Enquirer: 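Starting off with a structure, shown below.
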There are 2 protein chains.
Amino acid sequence: MSHSEKADYGVVSFLARHVWLGMRAAIEDELTEFGLTVPQFATLLMLDHAPGMSIAEVARACGTTRQAANEMVAGLQAHDLVTRSPHPTDRRAQQLHTTEAGRELFHKALPAVRRREEELEAGLSPQLRSAGREWMLAMAAACVMQEKD
Amino acid sequence: MSHSEKADYGVVSFLARHVWLGMRAAIEDELTEFGLTVPQFATLLMLDHAPGMSIAEVARACGTTRQAANEMVAGLQAHDLVTRSPHPTDRRAQQLHTTEAGRELFHKALPAVRRREEELEAGLSPQLRSAGREWMLAMAAACVMQEKD
DNA sequence: GCAAACTCGTCAGGTTCCTGTCAATCATGG
DNA sequence: CCATGATTGACAGGAACCTGACGAGTTTGC
């Protein structure tokens, strides 16, 4: 009761952390029914919108490292959900593509995740939901600004 | 440029994750000058507002496990920033208290963290900042609701 | 009063992720 | 044209965290 409302007193970062942890637990609960982990789902989300990404690009988009992304993609590859193929022009990089099974599983999992997120936001007004997204987009942009100092 | 603005397309959870990661990197950068890690600072924050908390209470407040909190407190204890003392009534629990050095270090680190957070929010209107907090508080509350199902 | 259920701190084991490094490859500037 | 720097994927090693379990202690319900 008190550990989530006043514990982060005055430190916005920890409030953001609690939101992320809570939402991750929610979508993790949905994804287990599809045999996917949260990072794996994130990778499928990226590859669905931008096929042919490399490991490094996925890592940057997910906010993790190349190694973690590499192991995660290996897991997806073991389940025949994605494929690695040599990049046509860059001989260092590998193109990642979702398989037919990967796309099918992803498009079944995505609605479940979206629905769960909407359930969490059910009690909020459209204005507040929009403002929350606006605030997060602005903060994310401000955070990437500071990285290049 | 594009990896933080459209990558989370439609999935709010990942947007929240990027915000948390960015803000954590920011305050982590400030805390290294004081020799503190982010979880250690979080623990000092909790203990400053509620002295005498137990390990388990700190773990719940920080959104982590008893073991992680235990090891973290051991680190703080090694630097003489907190003390463990037996609980007066509950013989299982241990009371955690900040030492004088712990309070002094914390009250030097807290303004640095606050200032860094304000810098990140510098370009936002007061209304948007307030709305962001309101959205996160509501989401955190909704997430703890779902946990007891 | 007492047994069952719960919570405390702790230990062991395993998983996940990160840092640091490497050869290979691409990009950039003189 | 070529040297320097940056990037990609991979490899080791370690740090941080979690799950599962345990004895000890407390709370709850009958």
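In what follows, every heavy atom counts, from backbone to side chain, and hydrogens, waters and symmetry copies are set aside. As the structure is a computational prediction, the values presented were derived from the model and not from experiment. Proteins come first, then strands; the chains are lettered A, B, ... in the order of their sequence lines, and each starts at number 1.
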Enquirer: Quick one: is B:T65 getting a side-chain N or O under 4.0 Å of the D:dC17 phosphate, OP1 or OP2?
Expert: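 So the side chain of B:T65 is outside the cut-off, no N or O lying under 4.0 Å from OP1 or OP2 of D:dC17.
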
Enquirer: Confirm from the modelled atom types if B:R91 and D:dG25 form a donor-acceptor pair under 3.5 Å, side chain to base only.
Expert: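 A donor-acceptor contact between them is absent.
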
Enquirer: Figure out the CE/C1' separation between A:M53 and D:dT7, and round it to whole Å.
Expert: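 Distance check: A:M53 CE to D:dT7 C1' gives 15 Å.
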
Enquirer: How do A:T89 and B:Q95 order along DNA chain C: which one's closest nucleotide is nearer the 5' end?
Expert: B:Q95

Enquirer: Give the rounded distance in Å between these two atoms: NE2 of A:H87 and C1' of D:dG9.
Expert: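 Interatomic distance, NE2 of A:H87 to C1' of D:dG9: 14 Å.
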
Enquirer: With a 4.0 Å limit, can you tell me whether A:R66 has a side-chain N or O closer than that to the phosphate oxygens OP1/OP2 of D:dC11?
Expert: no

Enquirer: Would you say the rings of A:Y9 and A:F14 are close, in the sense that their centroids are separated by under 6.0 Å?
Expert: no

Enquirer: Check this for me, if you would: do B:R129 and B:E121 make a salt bridge, where the nitrogen-to-carboxylate-oxygen distance has to be below 4.0 angstrom?
Expert: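 B:E121 and B:R129: not salt-bridged.
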
Enquirer: Please tell me which of the listed nucleotides, C:dA24, C:dC8, D:dC18, lies nearest to the side chain of B:A56?
Expert: C:dC8

Enquirer: Answer with yes or no whether B:Q67 presents, from its side chain, a donor or acceptor under 3.5 Å of a partner atom in the base of C:dT10.
Expert: yes

Enquirer: With DNA chain C as reference, determine whether B:A93 or B:E71 sits nearer its 5' end, using the nearest nucleotide of each.
Expert: B:A93

Enquirer: Less than 4.0 Å between a side-chain N and a carboxylate O, is that true for B:R115 and B:E118?
Expert: no

Enquirer: Quickly work out the A:E57 CD to D:dT7 P distance and round it to whole Å.
Expert: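 In whole Å, D:dT7 P and A:E57 CD are 12 Å from each other.
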
Enquirer: Whole Å only: how far is the CD1 atom of B:I55 from the P atom of C:dC11?
Expert: 12 Å

Enquirer: Which heavy atom of B:C143 sits nearest a heavy atom of A:V19, and at what distance?
Expert: SG-O, 4.5 Å

Enquirer: Nearest of C:dT21, D:dC17, C:dC18 to any side-chain atom of A:T64?
Expert: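 For A:T64, the side-chain atoms sit closest to C:dC18.
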
Enquirer: Counting any heavy atom closer than 4.0 Å, what does A:T37 reach on the DNA or RNA strands: base, sugar-phosphate only, or nothing?
Expert: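 Answer is nothing: A:T37 stays at 4.0 Å or more from every strand.
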
Enquirer: Would you say B:H97 has more than 12 foreign heavy atoms packed within less than 6.0 Å of its NE2?
Expert: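 Buried by this count: over 12 neighbours within 6.0 Å.
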
Enquirer: Of the candidate nucleotides D:dC18, C:dC8, D:dA10, which contains the atom at the shortest distance from the side chain of B:A68?
Expert: D:dC18

Enquirer: CZ of A:R60 versus P of D:dA6: gap in Å, rounded?
Expert: 14 Å

Enquirer: Please tell me which of the listed nucleotides, C:dC6, C:dT10, D:dC17, lies nearest to the side chain of B:R84?
Expert: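 That would be C:dT10.
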
Enquirer: Base of D:dT8, side chain of A:R92 - is there a donor-acceptor contact under 3.5 Å?
Expert: no

Enquirer: Among D:dA10, C:dT10, D:dT26, find the nucleotide with the atom closest to the side chain of B:N70.
Expert: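 In terms of side-chain proximity for B:N70, the closest of D:dA10, C:dT10, D:dT26 is C:dT10.
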
